[in-house]
Amino acid sequence: MFNLSLFSEMLLAANNYFQGAFACLGAGIAMIAGMGQGIGQGSAAGDAAAAVGRQPEAFGKILVTMIVGQAVAETTGIYSLIIAFMLIGKAV
């Protein structure tokens with residue numbers, strides 16, 4: 001005879017398992033945003049160093065512009081880290 005309560009418990013356990021697995025997968029995908037952010041910040045720092053090499057008297061303006069640009073670029077990494085933490089919290 002078919003036991004409906006046992007079947008529903010099995011479905012609930014499988015649902016919880018897959019929900020946690022997909023939450024961890026989503027957290028990993030969210031952290032991929034850190035790669036693009038790192039490449040962008042490295043490119044900005046390299047371009048700023050080249051600009052200072054060409055025009056040393058503009059060091060202050062170049063530094064401020066680079067720092068502001070990198071702070072804006074850093075927000076994507078912070079947002080993806082927060083999303084990853086939220087998803088890992090759901091997985092546990």
Side-chain angles (χ1 to χ4, degrees):
M1 172 137 198
F2 186 71
N3 190 350
L4 187 59
S5 65
L6 179 62
F7 182 70
S8 64
E9 287 178 21
M10 288 173 36
L11 281 179
L12 183 62
N15 184 27
N16 290 339
Y17 174 76
F18 284 116
Q19 183 179 9
F22 284 121
C24 290
L25 182 66
I29 291 171
M31 291 314 298
I32 291 175
M35 291 185 349
Q37 169 211 343
I39 291 169
Q41 286 184 348
S43 174
D47 291 344
V52 169
R54 285 191 305 271
Q55 197 173 12
E57 64 274 1
F59 173 73
K61 288 185 178 183
I62 293 170
L63 180 69
V64 168
T65 304
M66 182 193 69
I67 295 295
V68 169
Q70 288 192 351
V72 170
E74 186 73 27
T75 59
T76 58
I78 293 170
Y79 290 150
S80 65
L81 183 66
I82 290 170
I83 289 170
F85 282 151
M86 289 170 55
L87 288 172
I88 291 295
K90 287 200 178 265
V92 175

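Numbering of residues begins at 1 and proceeds along the displayed sequence.
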message = To the nearest 0.5 Å, what is the distance between CG on L25 and CZ on F18?
response =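 CZ of F18 is found 12.5 Å from CG of L25.
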
query: So which residues get pulled into V72's cluster when ILVMFWY side chains under 4.5 Å apart are joined, directly or through others?
result: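 Result for V72 is none, singleton.
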
* Asked: For F85, what are the other residues in its hydrophobic cluster, where any two members join if their side-chain heavy atoms are less than 4.5 angstrom apart?
  ->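 Result for F85 is M31, L81.
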
Q | Test log, rule side-chain contact (heavy atoms from CB on, under 4.5 Å), inputs I88 and C24 | A | CA-CA 6 Å; I88 291 295; C24 290; 4.0 Å; yes

Practice task
Could you pull out the closest heavy-atom pair between I83 and A30, with the gap in Å?
Solution key: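 That closest heavy-atom pairing would be CG2-CB, 4.2 Å.
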
Measure across A45 and M66 and return the closest heavy-atom pair with its distance rounded to 0.1 Å.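 Smallest heavy-atom distance, with atoms named: CA-SD, 3.7 Å.
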
Only pairs under 3.5 Å count here: list side-chain donor-acceptor contacts from residues 47-54, not counting sequence neighbours, and write none if there are none.
none

Not counting sequence neighbours, which residues clear side chain to side chain contact (heavy atoms under 4.5 Å, CB included) with I39? List them please.
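Side chain to side chain contact (heavy atoms under 4.5 Å, CB included) list for I39, sorted by chain: empty.
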
Can you sort out the partners of I67 under side chain to side chain contact (heavy atoms under 4.5 Å, CB included), two or more places apart, ordered by chain and number?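 With neighbours one apart ignored, the set is L63.
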
- Of all residues at least two apart in sequence or in a different chain, which pass the side chain to side chain donor-acceptor pair (under 3.5 Å) check with E74?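 E74 satisfies side chain to side chain donor-acceptor pair (under 3.5 Å) with Q37, Q41 once adjacent residues are dropped.
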
